[in-house]
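Encoded as structure tokens, the structure appears first; notes follow it.
Counting starts at 1 for both ligands and their atoms, following the listed order. Positions are given from 1 along the sequence. If you're wondering where the values come from, they're calculated on a predicted model, not measured in any experiment.
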Amino acid sequence: MKFNPFPELESNRLFLRKIIESDCKEILFLRSDITVNKFIERPENRKTKNLFDDIKFIKELDEYIETNKSIAWGITLKEDPQIVGTICLWNFSEDNKTAEVGYDLNPKFQRKGIMNEALKMIIEFGFTKLNLNLIEAFTHNQNKSSKRLLEKNGFQFMDNRKDLENKSNSIFELRNTSS
Ligand SMILES: CC(C)(COP(=O)(O)OP(=O)(O)OC[C@H]1O[C@@H](n2cnc3c(N)ncnc32)[C@H](O)[C@@H]1OP(=O)(O)O)[C@@H](O)C(=O)NCCC(=O)NCCS
């Protein structure tokens, strides 16, 4: 599993690239805006409240990429390098066959099919380049947009699985049928 060189991805409208320190304003917005974070729960020590926390977070992302622990992409529209959202694969299992997907998008860009386009690329990358067997997603059971996005991309709601750390979460799974 190697994230170096960083795997930039591209689709019709989008370019997915590495998140760098100069993206700090956009990342701080995504991690602290009330609307974006309505359904996202983070422990106190994982919250991004100011630029200091934010730069620390971006440095951690770098470290995770270097050590192949997890990978996050900044989502940009092809005509503008500014980040409008992020998508990541993290929480890899020990055998690197399962990973969790996470995403967020600036509300100005929501409901235009952007995350749908980004998620498709990440699924393809996860299954064909990382040879994952399974991609999981944990999402608040009232997070309609996230649940719809997952279902639209073939993820199945796992009624029999419970998130013991957050009872409001629903767990979704997408299996790699060609593995
Ligand atoms: C979840 C999120 C990334 C979806 O991104 P998006 O680009 O707006 O989603 P898309 O436009 O690709 O839409 C995907 C599907 O969800 C539906 N959808 C989007 N927003 C919706 C909403 N508020 N209510 C109901 N359905 C919604 C779309 O209509 C589409 O389904 P359709 O093709 O059947 O119409 C975005 O809402 C977001 O960033 N939310 C805040 C962060 C978050 O909750 N992240 C998830 C943490 S687990």
Distances for all N or O pairs of ligand 1 and the protein under 3.5 Å?
| unit_1 | atom_1 | unit_2 | atom_2 | d |
| --- | --- | --- | --- | --- |
| ligand 1 | 7 (O) | M115 | N | 3.0 |
| ligand 1 | 8 (O) | R111 | N | 2.7 |
| ligand 1 | 11 (O) | K112 | N | 3.3 |
| ligand 1 | 11 (O) | G113 | N | 2.7 |
| ligand 1 | 12 (O) | N116 | N | 3.0 |
| ligand 1 | 20 (N) | R111 | NE | 3.4 |
| ligand 1 | 29 (O) | R111 | NH2 | 3.3 |
| ligand 1 | 31 (O) | R148 | NE | 3.4 |
| ligand 1 | 33 (O) | K152 | NZ | 2.4 |
| ligand 1 | 34 (O) | R148 | NE | 2.7 |
| ligand 1 | 34 (O) | R148 | NH2 | 2.8 |
| ligand 1 | 37 (O) | Q110 | OE1 | 3.4 |
| ligand 1 | 37 (O) | S145 | OG | 3.1 |
| ligand 1 | 39 (O) | L105 | N | 2.8 |
| ligand 1 | 39 (O) | L105 | O | 3.4 |
| ligand 1 | 39 (O) | Q110 | NE2 | 3.3 |
| ligand 1 | 44 (O) | N143 | ND2 | 2.8 |
| ligand 1 | 45 (N) | Y103 | O | 2.9 |

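A donor-acceptor contact closer than 3.5 angstrom is absent between the side chains of N169 and N141.
Ring geometry, H140 versus F39: the interplanar angle falls from 30° to 60°, so the pair is classed tilted.
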With salt bridge (Lys or Arg N to Asp or Glu O under 4.0 Å) as the test, would you mind laying out the steps for E124 and K129 before giving the verdict? CA-CA 8 Å; E124 164 83 8; K129 299 283 191 262; over 6 Å; no
Verdict with reasoning, D62 to K18, per salt bridge (Lys or Arg N to Asp or Glu O under 4.0 Å): CA-CA 9 Å; D62 254 1; K18 193 164 190 257; 2.7 Å; yes
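Between E63 and K69 there is no salt bridge, since none of the side-chain N atoms of the basic residue sits less than 4.0 Å from a carboxylate O of the acidic one. Ionic pairing of E44 and K47 is present here: one or more N-O contacts between side-chain nitrogen and carboxylate oxygen are shorter than 4.0 angstrom.
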